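Below is one structure, written out as structure tokens; the observations come after it.
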Amino acid sequence: MNRADEDEYRQFVVARLEALRRTAYLLCRDWHTADDLVSITIGKLYRHWRRVRAADNVDAYVRGVLTNAWLDERRRPWRREQATDEVPDQVDLALPQTALVDRQALLELLGELPPRRRAVIVLRFYCDLSVEETAEALGISPGTVKSQAARGLEMLRVLATSASGRSVEEWA
């Protein structure tokens, strides 16, 4: 890779690093794993930067690489182990306590979704991708994106109402 390509790559990664990290966290719900996923993603980007920058939508391509890296990690047997003691993340004191509780509840609900369905929900509604962009990122058909999104949202509604006794509108 020549110097101009490296500079372009560095600028791209610096500009999108935090967004990639947040997206990875929403997928896996663990900051350490999210950092690992982002590292894998930017390593793959570096190796194939000329091909990546030639893509029609570089951001969509990168989200696809990140999502596929997460799905690959989920398939590894050692990832199925569950830690028993979990150290809580540091609390953001700038947010009101109810917002923190709602955010944590939503993250727990997302964790209940199967991996592919969670990926569809995160890409469609957090990353604000279209059905077609989500389908391209995950390598599935637009119809599958629509059905997985509908099932995922319905499952979140059911889980939200059963977990708290609150109506779905109260979660909005």
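As the structure is a computational prediction, the values presented were derived from the model and not from experiment.
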For a quick test of reading the model, state the closest non-hydrogen atom pair linking [X] to [Y] and the distance between them.
X: N68; Y: A137; value: ND2-O, 3.8 Å
X: R124; Y: L129; value: NH1-O, 2.6 Å
X: V38; Y: A24; value: CG2-CB, 4.1 Å
X: N2; Y: R50; value: ND2-NH2, 3.9 Å
X: A119; Y: L138; value: CB-CD2, 4.1 Å
X: R29; Y: L110; value: CD-C, 4.5 Å

Single-linkage hydrophobic cluster, 4.5 Å side-chain cutoff, W31 and I40 together: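 Not linked; separate clusters.
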Over 12 non-hydrogen atoms of neighbours within 6.0 angstrom of CD in E136: no
Within 6.0 angstrom of D7 CG, more than 12 heavy atoms from elsewhere: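 Correct, the count exceeds 12.
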Any side-chain heavy-atom pair of [X] and [Y] under 4.5 Å:
X: R21; Y: L17; value: no
X: T67; Y: V122; value: no
X: D35; Y: Y25; value: no
X: D5; Y: E8; value: yes
X: Q148; Y: P114; value: no

Partner set under salt bridge (Lys or Arg N to Asp or Glu O under 4.0 Å) for D128, not counting sequence neighbours: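 For D128, no residue satisfies salt bridge (Lys or Arg N to Asp or Glu O under 4.0 Å) once neighbours in sequence are set aside.
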[X] side, atom [atom1]; [Y] side, atom [atom2] - distance, nearest 0.5 Å:
X: D59; Y: C127; atom1: CG; atom2: SG; result: 10.0 Å
X: L20; Y: I42; atom1: CG; atom2: CD1; result: 8.5 Å
X: R118; Y: Y126; atom1: CZ; atom2: OH; result: 15.0 Å
X: R22; Y: R16; atom1: CZ; atom2: CZ; result: 12.5 Å

Those residues that, when tested against S141, pass side chain to side chain contact (heavy atoms under 4.5 Å, CB included) (two or more places apart): T144
Modelled atom types, side-chain donor and acceptor of E6 and Y46, under 3.5 Å: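 The criterion, which ignores hydrogens and geometry beyond distance, is satisfied for Y46 and E6.
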Short side-chain donor-acceptor distance under 3.5 Å, Y9 and R53: no
Steps toward side-chain contact (heavy atoms from CB on, under 4.5 Å) verdict (E73, L37): CA-CA 8 Å; E73 284 292 308; L37 292 173; 3.7 Å; yes
N-O pairing of E154 and R151 below 4.0 Å: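 No.
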L109 backbone acceptor or donor facing E112 side chain under 3.5 Å: no
Derivation and outcome, side-chain contact (heavy atoms from CB on, under 4.5 Å), residues I140 and R116: CA-CA 10 Å; I140 57 178; R116 183 165 300 241; 2.8 Å; yes
Residue pair W70, L66: steps toward the side-chain contact (heavy atoms from CB on, under 4.5 Å) verdict: CA-CA 6 Å; W70 174 64; L66 175 67; 5.9 Å; no
Criterion side-chain contact (heavy atoms from CB on, under 4.5 Å) on V62 and F12, from CA distance to verdict: CA-CA 11 Å; V62 172; F12 178 85; 3.6 Å; yes
